[in-house]
Amino acid sequence: MEENNPNIIDSKLSKPTQRLIDQYHEWYWLSQPKEGVVTIHVDEVASKVAAFYERIREIVDWKEEHLMRRMAIERILKRRLFINTGVKKAEPFILELIRGGHFPNDRIEKTKIEDVQYIIDKYAYILENNPPPSKDKTKAQLYNKILGIAACEIEETLDPASYLKANALIEYMETTMREKIVIGEEALARVGMTEREKDIQIYIAVQRALLNLDAPIISYNFLKRQYSSWSALPPETLQKITSNIYLIWGGIEKVLSHPLGDKFYKVCERYDTPYLLLGDIISYDPGGAQEKISDPGILEKLIEEAYNKRLGTLRTRSRRAAFYSTLSIFLSNVAVLYAIEVPFAKYVIGQFNKTAMIIDVLGPTFLMFLLVTTIRLPRKENLKLVIEEVKKNAYGEGKDVFEVELYPRRSFVFRLMFGLLYFSIFCLCFGAMTWGLYRINYPPLSYLIMYIFTSLIAFAGVKIRQRARELELSEEKETIFNLIIDPFALPLIRLGKWLMARWQKINIVAVIFNYLIEMPFLTFIELLEKWRYFLKEKKEEIH
C-alpha cells in the first residue's frame with residue numbers, strides 16, 4: 001500500500017524538480033489548441049509562396065535554428081515600422097509572420113492583434129521620445145537594440161507556451177547552480193562580486209549555455225526580471241524608462257560583458273546536459289513524469305532514451321549548421337566576387353585570375369568541410385556520467401561545488417613576453433597565407449577577401465564544434481596536436497569572431513534581399529492573397 005502513496009513519491013524528488021514538473025504541466029495545457037475562439041487565417045496558396053521565400057532568407061540570414069523565428073520577427077518589424085507611419089501595423093505584421101510559416105495557420109487567437117499592437121506602440125514610444133544619446137551610443141544602435149527586444153516580446157505573446165517551457169528549465173538550472181557555484185579567491189580579489197551580481201551572472205550564463213540564447217533574448221528576460229510589469233507598463237513607468245533608456249541600456253551591456261561572464265558560462269556549459277535531458281523526459285509525458293522520475297530504475301532507462309535521441313539530433317543539427325553557415329558565407333563570397341573583385345580586376349588591373357577566383361570561393365568552403373568532418377561526438381562512457389548527474393539533480397543528492405576562478409596574475413614581464421610571442425605568431429600565420437597567395441599570383445584585392453572569409457569560416461566551424469560537445473560532461477583533453485596548432489589557429493579564429501559581429505551588419509546578400517527583393521516580393525504576396533479572397537467571394541455568390 002505504501003508504494004502507491006503519493007507523498008512518498010513526492011519526497012523522492014527535490015523541490016526544484018517538483019516545481020519543474022508543475023511548470024511543464026502548465027506548458028502542456030497552454031500549448032494545446034484552444035476551442036471556442038476565433039483564430040487568424042491566411043490564404044494557403046499565398047502562404048506557400050511566402051514560406052518558400054522565408055526558407056531562402058534562412059540561408060541568407062543564417063543563425064542557429066532556434067533563433068531564426070525571432071530574427072525574422074525583428075527583420076519584418078523593422079521594415080513595417082519604416083513604412084506606413086501612423087497606421088496600425090499589428091494585423092498585417094502577424095499575417096506576414098503566419099504566411100512565412102513562422103507561426104501555424106488558424107492557431108493564433110484574433111485577440112493577439114491588440115496585444116501585439118500594444119507592444120509595437122510601447123517600443124515605438126521609447127524610440128520616438130528617448131533623450132539625446134550619450135557620446136558612446138547612437139540613435140541607430142538604440143533602434144536595433146530596442147527592436148531586437150521588441151521582437152522577443154512579440155514572439156512570447158504569439159507563442160507563450162514555448163517561452164514558458166524555456167523559462168521553466170532556465171529557472172530550474174539557475175536554482176540548482178546557485179547552490180553549487182562559488183567564487184574563487186583570485187576572482188574575488190581582482191574583480192569583486194556581491195551575491196546579487198553572482199546571481200545575475202548565473203542567470204545569464206544558464207541562458208547562454210542551456211539554450212544558447214543571444215543578447216536580445218537575454219536582455220528581454222533581464223528587463224522582465226527588473227520590471228515585473230514590463231508586459232503592461234503603466235504610462236508613468238514607461239515615461240520614466242524612456243527618459244533613462246540609455247542608462248538602462250548601459251546597465252544591460254555591463255552585466256552582459258562582466259569580466260567573469262565567460263567563466264560562469266564555462267561552468268554552466270559543461271554541466272547543462274543533465275538539465276536538458278531531464279527537461280526532455282518531462283516534456284514527453286508531463287502527466288506521468290513525476291511517478292516515472294521517482295523510480296530510479298525507470299529514470300535510468302528514460303535518460304538513456306533521451307540521451308540517444310539528443311545524440312541523433314545533435315548529428316543532424318551539426319550537419320545542418322555546417323551546411324547553412326557555409327552556404328550563407330559562400331553566397332556572400334560569390335556576391336563580393338562579382339560586385340567587387342571581378343570589376344576591380346577587370347578595370348583596375350586589366351585582367352582577372354580565374355584560379356584565384358575559384359580558390360576564393362572554394363578555399364574557405366573546404367576549410368569548413370574539414371572542421372565539420374573531424375567533429376567527435378561524446379564517447380560511450382559519457383552516458384554513465386550523465387545518468388549520475390541527472391539523478392543527483394532530480395533527487396537533490398550530492399553537494400557538488402563548481403569554482404569560478406581566474407588564472408593566476410602574470411607579471412608585467414611575462415605579459416609583455418607572451419603578448420609579443422602571440423603577435424609574432426599572428427604575423428607568421430597571416431604572413432604564411434600571404435606568401436602562399438603570392439606564389440600563385442593572387443590579385444591584390446583577393447588577399448583581403450581570402451583573409452576575411454577564411455577567418456569567418458574558421459570561427460563558424462569552431463562554434464559548431466563546440467555545440468557538438470553539448471552532451472559531453474567530461475572536459476576536453478588537451479593533446480600535443482592542440483599545443484602545436486592552437487597558437488596558429490587562435491589568431492584566425494579571433495579575427496573571425498571580431499568580423500562575425502560586424503558581418504551581420506554588412507551582409508551584402510541580406511542588404512540586396514531587404515531593399516531590392518523583399519519589399520516588392522511581399523507586396524506581390526499581399527496582392528495575391530487579396531486576389532484569392534476576391535475570387536472566393538465571387539465563387540460564394542454562385543448559388
Within-4.5 Å side-chain heavy-atom neighbours: Ile252 and Leu223: yes

Neighbour count >12 (heavy atoms, 6.0 Å) for atom CG, Asn144: yes

Atom of Leu77, atom of Ala151 and distance for their closest heavy-atom approach: CD2-N, 4.4 Å

Any donor-acceptor pair under 3.5 Å from Gln207 side chain to Ile170 backbone: no

Student check: side-chain heavy atoms of Glu389 and Thr273 closer than 4.5 Å: no

Salt bridge Glu388-Lys384, side-chain N to carboxylate O under 4.0 Å: no

Steps toward side chain to side chain contact (heavy atoms under 4.5 Å, CB included) verdict (Arg270, Phe402): CA-CA 10 Å; Arg270 182 177 173 186; Phe402 309 134; over 6 Å; no

Rounded distance (nearest 0.5 Å) linking atom CG of Leu127 with atom OH of Tyr143: 7.0 Å

Note, Leu256 side chain near Arg208 side chain (heavy atom, < 4.5 Å): yes

Counterpart residues, side chain to side chain contact (heavy atoms under 4.5 Å, CB included), relative to Ile245 (two or more places apart): Ile126, Asn130, Pro131, Leu142, Ile146, Ile241

Side chain to side chain contact (heavy atoms under 4.5 Å, CB included) assessment of Tyr307 paired with Leu277: CA-CA 7 Å; Tyr307 180 87; Leu277 294 179; 4.0 Å; yes

Salt-bridge contact Lys392-Asp400 (side-chain N to carboxylate O under 4.0 Å): yes

Pairwise side-chain contact, Ile200 with Phe222, heavy-atom cut-off 4.5 Å (strictly under): yes

Phe423 CZ: over 12 foreign heavy atoms closer than 6.0 Å: no

Reported CE-to-CD1 distance for the pair Met193 and Ile183, which is rounded to 0.5 angstrom: 5.0 Å

Criterion side chain to side chain contact (heavy atoms under 4.5 Å, CB included) on Glu197 and Val255, from CA distance to verdict: CA-CA 8 Å; Glu197 288 174 330; Val255 298; over 6 Å; no

Side-chain touch Leu492/Tyr451, heavy atoms, less than 4.5 angstrom: no

Neighbour count >12 (heavy atoms, 6.0 Å) for atom NZ, Lys145: no

Note: Arg69-Glu155 ion pair, threshold 4.0 Å (strictly below): yes

Shortest non-hydrogen contact between Ala168 and Gln23, atoms and distance: CB-OE1, 3.3 Å

Short side-chain to backbone donor-acceptor contact, Thr17 and Gly396, under 3.5 Å: no

Spacing of CG belonging to Leu311 relative to CD belonging to Glu304, to within rounding of 0.5 Å: 11.5 Å

Minimum-distance pair of heavy atoms, taken over all atoms of Cys268 and Ile181: SG-CD1, 4.3 Å

Exercise: do Gln201 and Tyr265 side chains pair donor with acceptor under 3.5 Å: no

Pair Tyr395-Ser14, side-chain donor/acceptor within less than 3.5 Å: no

N-O pairing of Lys309 and Glu305 below 4.0 Å: no

Value rounded to 0.5 Å, distance of CD in Glu156 from SG in Cys152: 9.0 Å

Pair Lys391 + Glu300: basic N to acidic O under 4.0 Å: yes

Polar side chain donor-acceptor pair, Thr176 to Tyr275, under 3.5 angstrom: yes

Side-chain heavy-atom pair Lys180, Tyr271 within 4.5 angstrom cut-off: no

Exercise: identify the closest heavy-atom pair between Asn393 and Pro274: ND2-CB, 3.5 Å

Side-chain H-bond candidate by donor/acceptor type, Ser162 with Asp159, under 3.5 Å: yes

Side chain to side chain, Ile202 and Met173, heavy atoms closer than 4.5 Å: no

Flag for Glu153-Tyr220: side-chain donor and acceptor within less than 3.5 Å: no

Presence of salt bridge, Arg190 and Glu185, under 4.0 angstrom: no

Heavy-atom pair with the smallest gap, counting every atom of Ala187 and Leu406: CA-CD1, 3.9 Å

Reported CD1-to-OG distance for the pair Ile248 and Ser219, which is rounded to 0.5 angstrom: 12.0 Å

Side chain to side chain donor-acceptor pair (under 3.5 Å) partners of Thr242, counting only residues at least two apart: none

Glu195 bridged to Lys198 by N-O distance under 4.0 Å: yes

Distance in Å, Leu67 CG paired with Glu74 CD, rounded so as to fall on 0.5 Å steps: 11.0 Å

Centroid-centroid distance, Phe426 to Phe430, less than 6.0 Å: yes

Ionic contact status for Arg19 with Glu171, cut-off 4.0 Å: yes

Working for side chain to side chain contact (heavy atoms under 4.5 Å, CB included), residues Asn244 and Leu247: CA-CA 5 Å; Asn244 295 286; Leu247 289 175; 3.7 Å; yes

Pairwise side-chain contact, Val386 with Ile303, heavy-atom cut-off 4.5 Å (strictly under): yes

Nearest heavy-atom neighbours spanning Ala394 and Tyr172: N-OH, 3.9 Å

Ring-face cation of Arg225 near Tyr203 (centre distance under 6.0 Å, axis angle within 45°): yes

